[in-house]
Number of protein chains: 2
Amino acid sequence: MAKTAAKAEFPIGALAKESAVNIETIRYYEKIGVMPKAPRSAGGYRLYAPEHLKWLTFIRRGRELGFSLDELRDLLHLVDGHAYSCAEVRALTLDHVAGIRQKIADLKRLERVMTSVASQCSGRKIPDCPVIDALFQAAPATARSRRSKTRGRYV
Amino acid sequence: MAKTAAKAEFPIGALAKESAVNIETIRYYEKIGVMPKAPRSAGGYRLYAPEHLKWLTFIRRGRELGFSLDELRDLLHLVDGHAYSCAEVRALTLDHVAGIRQKIADLKRLERVMTSVASQCSGRKIPDCPVIDALFQAAPATARSRRSKTRGRYV
DNA sequence: CCTAGACCCTGTAGTGGCTACAGACTCAAG
DNA sequence: CTTGAGTCTGTAGCCACTACAGGGTCTAGG
């Protein structure tokens with residue numbers, strides 16, 4: 001446990017448990033450069049320090065709040081270099097909120113359509129279902145269906 | 001235009017234009033069995049009839065309403081065999097609506113968190129941003145973060 | 001010292017729903 | 001017969017993981 005090493009190193013399994021992030025995901029994060037490369041033991045095991053846990057927690061939280069790994073990488077580089085201003089970060093965040101609002105609006109529209117269509121269902125065993133009919137009709141214009149960047153289907 | 005063929009056959013490009021679905025996507029749909037295999041011309045071109053357009057419109061609409069291709073395949077097989085009851089379809093639809101509501105709720109929660117965090121930003125150029133601080137803190141329990149089936153990140 | 005078993009390693013392939021290419025072929029008009 | 005638009009197949013890429021296979025390492029107990 002104490003050899004020549006720094007304070008309190010731990011292997012990837014412990015980091016996974018602490019952070020509630022999968023081992024494979026951690027390795028993946030390292031591979032794509034979202035997590036820094038961990039130093040290795042003589043046998044090739046990754047060795048982590050508390051900073052890594054903070055870093056990973058940041059990523060997990062960010063993912064939960066809907067940031068992409070790309071965005072988080074940028075954010076982390078900003079933070080790591082202490083070169084960020086609160087205004088920068090807020091701008092990024094508000095951008096993000098705008099995206100979320102858009103998604104909520106889209107989903108609400110969807111909910112309205114689906115509900116109204118389903119409510120017309122008779123429940124009888126005939127091939128005359130309004131849901132099916134609705135699906136056979138082309139959509140009315142579908143405005144705003146290609147927003148750059150936020151191109152995910154999210155549904 | 002009229003050889004020995006049936007009424008009004010057209011190639012994939014026309015179908016793509018009519019349906020507003022990409023050519024590649026149509027071929028992909030055929031490959032994975034969501035679209036039926038189209039008959040071919042002597043030279044190997046796919047030939048489509050109006051039924052195919054209806055079928056594809058159904059898929060596009062369904063996708064816009066958030067059905068997965070799997071769900072649509074089932075739906076289409078039901079419809080194609082005329083074996084569906086309106087009740088069956090309604091059940092599937094309402095299930096779907098429930099999923100949408102869940103997503104809306106999640107996104108609203110997200111929006112609230114992000115907005116409140118961003119609103120605390122001073123805009124000054126110091127390394128003391130509440131967004132960053134929030135990201136460094138572990139999430140509070142994160143209840144309901146693993147709902148089977150609806151496992152997409154949707155954000 | 002040896003062994004068992006828990007842990008870790010790399011690399012590859014799969015998920016969903018497409019999109020984008022390369023390189024070859026077909027078709028219709030001039 | 002040529003030209004150029006359209007089409008063909010097959011493969012690889014996107015995102016953010018997840019799930020293996022087939023090996024190596026570490027450590028506690030005998």
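Here is how names work: the chains are called A, B, and so on, in the same order as the sequence lines, proteins then strands, and each is numbered from 1. Every value quoted in this text rests on a predicted model; they were computed, and no experiment measured them.
- B/Y29 is linked by a ring pair (Phe, Tyr, Trp, His ring centres under 6.0 Å) to nothing, counting only residues two or more places apart in sequence or in another chain.
- Residue A/E9 contributes atom CD, which lies 16 Å from atom C1' of C/dC8 at whole-angstrom precision.
- For the segment residues 24-34 of chain B, the set of residues with a heavy atom within less than 4.0 Å of an atom of DNA chain C comprises B/E24, B/T25, B/Y28, B/Y29, in numerical order.
- Although no hydrogens or angles enter the test, the distance criterion places no donor-acceptor pair under 3.5 Å between the side chain of B/E30 and the main chain of B/I26.
- Within the nucleic acid shown, B/N22 comes within 4.0 Å of sugar-phosphate atoms alone, with no base atom in reach, counting heavy atoms only.
- A side-chain donor-acceptor contact under 3.5 Å links B/R60 to the backbone of B/S19.
- The distance between atom OH of A/Y48 and atom C1' of C/dC8, rounded to the nearest whole Å, is 11 Å.
- Whole-Å rounding puts the A/L72 CG to D/dC15 P distance at 14 Å.
- Considering only residues two or more places apart in sequence or on other chains, B/D70 meets the salt bridge (charged side-chain N to carboxylate O under 4.0 Å, His left out) condition with B/R73.
- A donor-acceptor pair under 3.5 Å is formed between the side chain of A/W55 and the backbone N or O of A/V34.
- Place B/D70 and B/G43 on DNA chain C by their nearest nucleotides, and B/D70 ends up nearer the 5' end.
- With hydrogens and angles ignored, the 3.5 Å screen pairs no side-chain donor or acceptor of B/R101 with any backbone N or O of B/A105.
- In this structure, the CD1 atom of B/I12 is 15 Å from the P atom of C/dC27, given to the nearest Å.
- For C/dT26, the OP1/OP2 oxygens have no side-chain nitrogen or oxygen of B/S41 closer than 4.0 Å.
- Distance CZ (A/R46) to C1' (D/dG24): 14 Å, rounded to an integer number of Å.
- Atom CD1 in B/I23 sits about 12 Å away from atom P in D/dT9, given to the nearest Å.
- Between the side chain of A/Y45 and the base of C/dC7, at least one donor-acceptor pair of N or O atoms lies under 3.5 Å.
- With hydrogens and angles disregarded, a donor-acceptor distance shorter than 3.5 Å links the side chain of B/T93 to the backbone of B/V89.
- In this structure, A/R60 does not reach the D/dC17 phosphate: none of its side-chain N or O atoms is under 4.0 Å from OP1 or OP2.
- When rounded to the nearest whole Å, the span between CG of A/L15 and P of C/dC8 equals 10 Å.
- Remark: C1' of D/dC15 and CZ of A/F67 are 17 Å apart, rounded to the nearest angstrom.
- Each of D/dT7, D/dT18, C/dC8 was ranked by its minimum atom distance to the side chain of B/P11; first place goes to D/dT7.
- Side chain of A/R63, nearest nucleotide from C/dT19, C/dG17, D/dA16: D/dA16.
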